[in-house]
Each structure stands twice: as structure tokens, then as C-alpha cells.
Amino acid sequence: MGSVEQLKQKRAGTGVRAHDADRAYRGYTLFCPSAGGNLVYLIDMDGEVVHTWQMPHPPGIYGCLTPEGTLLYNGKVLEPGGTRFIDSGPWKGGSLLEMTWDGDILWEARHRDHHHDGVKLRNGNVLLLCLAALPDDIARRVVGGMPGSEREGVMHADYLVEMTTGGEEVWRWNAWEHLDPVEDRIVAAQDHRSEWTHGNAVVEMEDGNIIVSFRNISTVIIIERSTGEIVWKLGAPPLAQQHAPTVLANGNLLIFDNGTHRVDHPVPFSRVIEVERATKAIVWTYQEGYISEFFSPFISNAQRLPNGNTLICEGSFGRIFEVTREGEVVWEYINPHFHEPVSMPGTTPRNTVFRAFRYGMDVLRG
């Protein structure tokens, strides 16, 4: 008798598992296995690889294509023997680079404190999400989390750095100077106090303002770029340890709401929500009828496609799928690339995907 495959995702099947060619948005899907490896993949609707980029820093966090057809890539720069809190995080970054279709690096910006996300701004500079030790007087006032769970007595929080691609810092924004330790509390009582905010996404808006997502405080904010002030905020509820807010053409925000520790429901479940900024009302939702069947406790994203469908990355399980406005699945793909996490040796191989994106048929022009 043959042995039984021990990984659930492999037993269920990998690659393309569903495709309604009449209703799915035809194009190419880009993703980077986040547990290991150093390749970024572009696949067609049948799951066939049509292009790859080999990156200098395995494993990666994620990559996306720019309007010019280049690849923007958030990569990990591991420091052997590093003892800082950020060095042990699976979300550690360190590098943001831009690469041509043919694999030539145009520039690379490095920062030891960079984690999760970084973007190229319209002015040509980069904006990086970074982590620092929180001043003790502020850390003592932060409400929530498990008492005594700080990292060697230290709590950390996020800051933003704008720098040139050559490494010159030109702007900085510290979360602890604008958030309130009591009002913007760590939402889950069982979360560690090693981090207060745990940022996981940064976005430049058309008007130059900045969107930031903070997981531990279940909050998305908009920062007015000219003043540094927070001019919009959405917290818990409805949010629960969300990821990857994006601005839609109608001005609304599309958010992957992970739902790990909900304060308004007894069961953890994920959903994708479209939020009207003016009213903060949820105007569209995708979730499973049996809610626990769709759940990614970490990472993940969603992208509104030109045909009105939504591409969803259920990142913890390497599942990328497309749904209609009515919530019907019209395409589904399971990442077949499994790796043992570099930061967690000896654990079960994973096929996690931090974010995934769909591009139109003309993307192959490079």
C-alpha cells in the first residue's frame, strides 16, 4: 500500500481547481511563495507558468507589477545570528527593489527595520514600513495584550520612512506620536505585548495621503501627507486583524478582514469587505455561507478586477480564487510550491502566499 500524503492541501489538490472561462477575468496571476524559494511566478488561467523572476533574497514577502511593467519586490535580507526582535519575525523585510522583465535590478533600497511592506511613490522615492522599540513611558500606557509578554521587557511599534532609492531619508512618521495608547489598544487579550501596532500594509493614495493597516490594534488609518495627522480611522469592530487595504476607483476601500480575534462574533472567520469612506459603512462583503470555511488568520489580500470580480488570496493556505459580485467562485488555484519556512526550521512545509495579483492579457509585453 502507498503512503498517505500528510499535507492537507496536497491531498485536496494543487494548481487550478476551478475555471469558468466565461465569467472569470482573463489574464495572468502573479504570486511569490512566502515560506521559501526565490522565484516570483506569473501563471496563466490554466495555472501554467509563463514567466518567472529570480530574486536575490530568498525567501520573499511579495512582488507586484508597476504600470511600466517592471517588478516591485519586497524581499527579506536575513542577518545570521541576528538577535533583534525583527530578525526572528517571518515578516522581516530589509529590501525593496525594482527589476526589469528580464531580471535586471534597476535599484535596491535597504533598511534594517523594514518589514511587511514598502511601495514606490509617484515622486520616485520609496516608502517603507519599519519597526522600532517603543519608548518605555508610552509602552507602559498601552492597553491590552497579555501582561508580561513583551520581548525581554520591550514593546515595539511602527514607523514610516520615505527615502530615495539611493538610501537618503527624507521623511519619517512615528506611529506612537499620533496613536493613543488607550484608545488604540491591542484588541486581543491573548496577543503578545512584544508589539503594539504590527503594521502590515502601506499605500499611497492619489492625493498623496498614506493608508496604513495595523493588525494588533485592528485599525486602518489615513495619514494626511502634508501634516502627518490621522484624518480617517476605522477600527474594531468591524475590523479584526485585517490586511491589505486598497483604494477602489469609486474611492471606497477594499480590505481583507482576517477575523482572527473578533470582538463582535464568537467564531473567527475571514471576509473581504468594501468600505465606503464617507460613512464607514460596509457596502459589499464576501464570506462563506458556512463562515469558518473561509479563514486565513494571517497575511492575504484582495483585488477588484476590471470586470467587477474580486481576486482573493487566502494566504495562509496558498489559495488564490476569483469571485463574482454575487460571491460565486469562477477561478481557483492552490499554490503547489511548498517550502519549510526559513525563520521556523523543522516545521511543516507551507505554501503560504502573502499577496497575489491578476493582470490583463497585455502584461506579457513586459
Side-chain angles (χ1 to χ4, degrees), residues 7-34 37 39-53 62-71 101 243-244 246-250 252 254-256 270-274 283-291 293-296 299-338 351-366:
L7 294 179
K8 179 181 178 181
Q9 292 109 305
K10 287 187 177 181
R11 288 201 306 271
T14 60
V16 172
R17 301 201 305 187
H19 183 199
D20 184 336
D22 292 331
R23 292 193 293 169
Y25 177 69
R26 188 168 173 238
Y28 299 92
T29 303
L30 185 144
F31 69 96
C32 172
S34 57
L39 291 178
V40 177
Y41 295 89
L42 189 69
I43 61 172
D44 64 18
M45 299 300 289
D46 296 320
E48 297 297 323
V49 176
V50 297
H51 193 72
T52 61
W53 292 262
Y62 81 97
C64 61
L65 295 181
T66 69
E68 294 75 33
T70 57
L71 179 75
W101 184 266
H243 280 73
T246 59
V247 184
L248 300 180
N250 60 9
N252 294 347
L254 190 68
I255 302 172
F256 191 103
S270 294
R271 60 184 180 173
V272 176
I273 57 175
E274 180 181 340
V283 296
W284 181 82
T285 303
Y286 173 80
Q287 63 188 64
E288 291 287 345
Y290 188 68
I291 56 177
E293 289 184 356
F294 173 45
F295 180 53
S296 179
I299 58 181
S300 310
N301 77 307
Q303 174 193 9
R304 181 62 46 80
L305 300 173
N307 66 349
N309 290 351
T310 302
L311 186 76
I312 300 172
C313 174
E314 190 179 1
S316 294
F317 306 105
R319 180 185 178 219
I320 306 167
F321 63 108
E322 180 184 346
V323 300
T324 65
R325 190 77 183 175
E326 295 71 36
E328 294 186 47
V329 175
V330 294
W331 186 84
E332 182 182 55
Y333 175 86
I334 306 299
N335 172 25
H337 307 286
F338 288 76
N351 68 337
T352 52
V353 176
F354 189 82
R355 296 181 189 173
F357 302 93
R358 173 76 53 77
Y359 300 97
M361 295 301 296
D362 60 347
V363 74
L364 286 188
R365 299 172 186 173

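Along the sequence shown, residues carry numbers from 1. No experiment lies behind these values; they were computed from the predicted model shown.
- Arg319 contributes atom CZ, which lies 7.0 Å from atom CZ of Arg17 (distance to the nearest 0.5 angstrom).
- Side-chain atoms of Asn335 come within 3.5 Å of backbone N or O of Asn351 as a donor-acceptor pair.
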Q.
As a quick check of understanding, evaluate side chain to side chain contact (heavy atoms under 4.5 Å, CB included) for Leu42 and Val363, giving each step before the final call.
A. CA-CA 10 Å; Leu42 189 69; Val363 74; 4.3 Å; yes
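- The shortest non-hydrogen separation linking Gly318 to Val353 is CA-CG2, 4.2 Å.
- The CD1 atom of Ile320 sits 10.5 Å away from atom CZ of Phe357, with the distance rounded to the nearest 0.5 Å.
- Checked by atom type and distance alone, the side chain of Glu314 never pairs as donor or acceptor with a backbone atom of Phe294 at under 3.5 Å.
- The closest donor-acceptor contact from the side chain of Tyr359 to the backbone of Leu65 lies under 3.5 Å.
- To the nearest 0.5 Å, the span separating SG on Cys32 from CZ on Arg355 amounts to 12.5 Å.
- Judged by distance alone, the side chain of Ser296 and the main-chain N or O of Ser316 form a donor-acceptor pair under 3.5 Å.
- With contacts defined as side-chain heavy-atom distances shorter than 4.5 Å, the pair Ser34/Tyr62 does not qualify.
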Q. Going through the checks in order, is the side chain to side chain contact (heavy atoms under 4.5 Å, CB included) test met by Tyr25 and Leu311?
A. CA-CA 9 Å; Tyr25 177 69; Leu311 186 76; over 6 Å; no
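- Checking Thr70 against Glu68 by side-chain atom types alone, no donor-acceptor pair falls below 3.5 Å.
- Nearest heavy atoms, Val329 versus Glu332: CG1-CB, 4.4 Å.
- In this structure, Asn250 and Glu274 have side chains that are in contact, with non-hydrogen atoms separated by less than 4.5 Å.
- A distance of 9.5 Å separates OH in Tyr286 from OG1 in Thr324, rounded to the nearest 0.5 Å.
- Nearest approach of Ile273 to Thr285, heavy atoms of both residues: CG2-OG1, 4.0 Å.
- Ring geometry for His243 against Phe354 counts as perpendicular: the plane angle is over 60°, on a 0 to 90° scale with 30° as the lower cut.
- Counting only distance, with no hydrogens or angles, the side chain of Asp46 and the backbone of Glu48 share no donor-acceptor pair below 3.5 Å.
- Here the CZ atom belonging to Arg271 is positioned 10.0 Å from the CD1 atom belonging to Ile291, to the nearest 0.5 angstrom.
- Of all the heavy atoms in Thr246 and Ala302, the pair that sits closest is OG1-O, 4.2 Å.
- A distance-only check finds a donor-acceptor pair linking the side chain of Gln303 to the backbone of Arg358 [under 3.5 Å].
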Q. Could you go step by step and tell me if His337 and Tyr41 meet the ring pair (Phe, Tyr, Trp, His ring centres under 6.0 Å) rule?
A. CA-CA 10 Å; His337 307 286; Tyr41 295 89; 4.1 Å; yes
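- Between Leu30 and Leu71 there is a side-chain heavy-atom pair separated by less than 4.5 Å.
- Applying the side chain to side chain contact (heavy atoms under 4.5 Å, CB included) test between Trp331 and each of Arg26, Arg23, His19 identifies His19 as the sole match.
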Q. Hey, mind stepping through Trp284 and Asn252 against side chain to side chain contact (heavy atoms under 4.5 Å, CB included) and telling me if it holds?
A. CA-CA 10 Å; Trp284 181 82; Asn252 294 347; over 6 Å; no
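- Closest non-hydrogen pair, Ala244 versus Ser300, comes out as CB-O, 3.7 Å.
- Using modelled atom types, no side-chain atom of Asn301 and backbone atom of Phe256 make a donor-acceptor pair closer than 3.5 Å.
- For Tyr290 and Phe295, the ring centers are positioned 6.0 Å apart or more.
- Residues Thr29 and Tyr333 are not in side-chain contact: their nearest non-hydrogen atoms beyond the backbone lie 4.5 Å or more apart.
- The aromatic rings of Trp101 and Trp53 sit perpendicular to each other, their planes meeting at more than 60°, with 30° as the lower class boundary.
- The structure places CE of Met361 at 8.0 Å from CG of Asp44, a figure rounded to the nearest 0.5 Å.
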